[in-house]
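Step one of this worksheet: look at the structure below.
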Protein chains: 2
Amino acid sequence: MCMTLRPRGRAKREPTPELLGLIAGQFRALAEPARLSILHALEGKERTVTELVELTGLGQGNLSKHLQQLHACGFVSRRRDGLFVHYALADKDVLALCEIMCHRLEADIEAEQRVVAAR
Amino acid sequence: MCMTLRPRGRAKREPTPELLGLIAGQFRALAEPARLSILHALEGKERTVTELVELTGLGQGNLSKHLQQLHACGFVSRRRDGLFVHYALADKDVLALCEIMCHRLEADIEAEQRVVAAR
DNA sequence: AACATATATTCGTATTTACTACTACAGTAA
DNA sequence: TTACTGTAGTAGTAAATACGAATATATGTT
């Protein structure tokens, strides 16, 4: 039991409120359509802030703040190149997480369709 | 590209704002320490609301609302047994999701420790 | 029926937060 | 230096939400 809500390899004990807060913070960083839109725009290649403004339709200041949040949680990396700052997906975790969520949603939709079809 | 922000097996197209909202909603359901605490209490066995009140320390009304949210997102299942309602983890997704997050946090902590150790 | 217990819901409030508009900072070029 | 561009930060505001307290509903018991 308790394999998930504590760091791996640690002693078997209750997750502290601090740890729960950290995990919740990671989820909260992804709990916003605007930030998911940013992450989607970063799939495959890195992008400058200007590019992301165009791709996402978000305002520049707003977008920048979302990027700070994603960077603070380690979901995106930053690379300065002269006047431009290039952002990129930091790892594959975002992809894995979203894939699980999409899988769940797909299952829900299919279940609903079965209910509808059964009438 | 775009393997993650749309349901599997669908045509290759941009994720709609609706889909992004649904995914964000799934993440938001997990973006709260109180709800993670509930999910942790449900690891291994189902629990009644009364049991969850004791295990989590949350108020009964507050807890019930959190349970409704988790149930609406499909993370927990409900089973009525007379006067009691038993809640349980609906699937293994929560465990997988939290494991990824814990893994990330652990990596961050280790990275910080390396920085500290290098001084 | 009345009563008791378990769970759900409503109300009011304080906190959080996403957004826009504006301003500040960083880097480049003249 | 000044001017210009890209990015980051600040202030104010409206919407979302987590919480406690109180109330309502559901089920079982007498």
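Proteins get letters first, then strands, A, B, ... in listed order; numbering begins at 1 in each.
Nearest nucleotide to the side chain of A:T50, out of D:dG6, C:dT7, D:dA18: D:dG6. Closest approach to the B:S64 side chain among D:dA8, C:dA8, C:dA18 is made by C:dA8 (side chain taken as heavy atoms from C-beta onward). Ranking C:dT17, D:dT7, D:dG20 by closeness to the B:K65 side chain, first place goes to D:dG20. Checking D:dG9, D:dA18, D:dT7 against every side-chain atom of B:H66, the shortest atom distance belongs to D:dA18.
Between D:dA18 and B:R35, a contact under 4.0 Å exists linking OP1 or OP2 to a side-chain N or O. Between C:dA8 and B:R78, a contact under 4.0 Å exists linking OP1 or OP2 to a side-chain N or O. Under 4.0 angstrom from either OP1 or OP2 of C:dA6 there lies no side-chain N or O belonging to B:Q60. In this model, the phosphate group of C:dA6 is not approached by any side-chain N or O of B:H86 to a distance below 4.0 Å at OP1 or OP2. Phosphate contact (OP1/OP2 of D:dG6, side-chain N/O of A:Y87, threshold under 4.0 Å): absent. Phosphate proximity of D:dA18 to B:N62: absent, as no side-chain N or O sits under 4.0 Å from OP1 or OP2.
The distance from atom CZ of B:F84 to atom P of D:dG28 is 11 Å, rounded to the nearest whole Å. Whole-Å rounding puts the A:L58 CG to C:dA21 P distance at 14 Å. Taking atom CG of residue B:L67 and atom P of nucleotide D:dC19, one finds them 12 Å apart after rounding to whole Å. Atom CZ of A:F27 and atom P of D:dT17 are 17 Å apart (whole Å). Protein atom CD of B:Q68 is 9 Å distant from nucleotide atom C1' of C:dT9, rounded to whole Å. If you measure from atom CG of A:L63 to atom P of C:dA18, you get 13 Å, rounded to the nearest angstrom. D:dT7 atom C1' lies 14 Å from atom NE2 of A:H71, rounded to whole Å. When the C1' atom of C:dA6 is taken as reference, atom CG of B:L52 falls 13 Å away, rounded to whole Å.
When the nearest nucleotides of DNA chain C are assigned to A:D81 and B:E51 by heavy-atom distance, the more 5′-ward of the two goes with B:E51. Each of A:L83 and A:R28 was assigned the nucleotide of DNA chain D with the nearest heavy atom; the assignment lying further toward the 5' end belongs to A:L83.
Contact of the B:L89 side chain with the B:L39 side chain is registered, since non-hydrogen atoms from C-beta on lie closer than 4.5 Å. Side-chain contact between A:L70 and A:V94 is absent, with no heavy-atom pair separated by less than 4.5 Å. Between B:T48 and B:D81, the closest side-chain pair of non-hydrogen atoms is not below 4.5 Å. Side chains of A:H40 and A:L55 form no contact here, defined as non-hydrogen atoms less than 4.5 Å apart.
Not a single donor-acceptor pair, N or O on each side, falls under 3.5 Å between the base of D:dA18 and the side chain of B:E32.
Listed for the B:R78 side chain is no donor-acceptor partner under 3.5 Å among the backbone atoms of B:Q68.
Residue B:S37 forms a side chain to side chain contact (heavy atoms under 4.5 Å, CB included) with just one option from B:L58, B:L63, B:L42, B:T56, and that option is B:T56.
Note on A:Q69: only backbone sugar-phosphate atoms sit closer than 4.0 angstrom, heavy atoms only; bases stay farther off.
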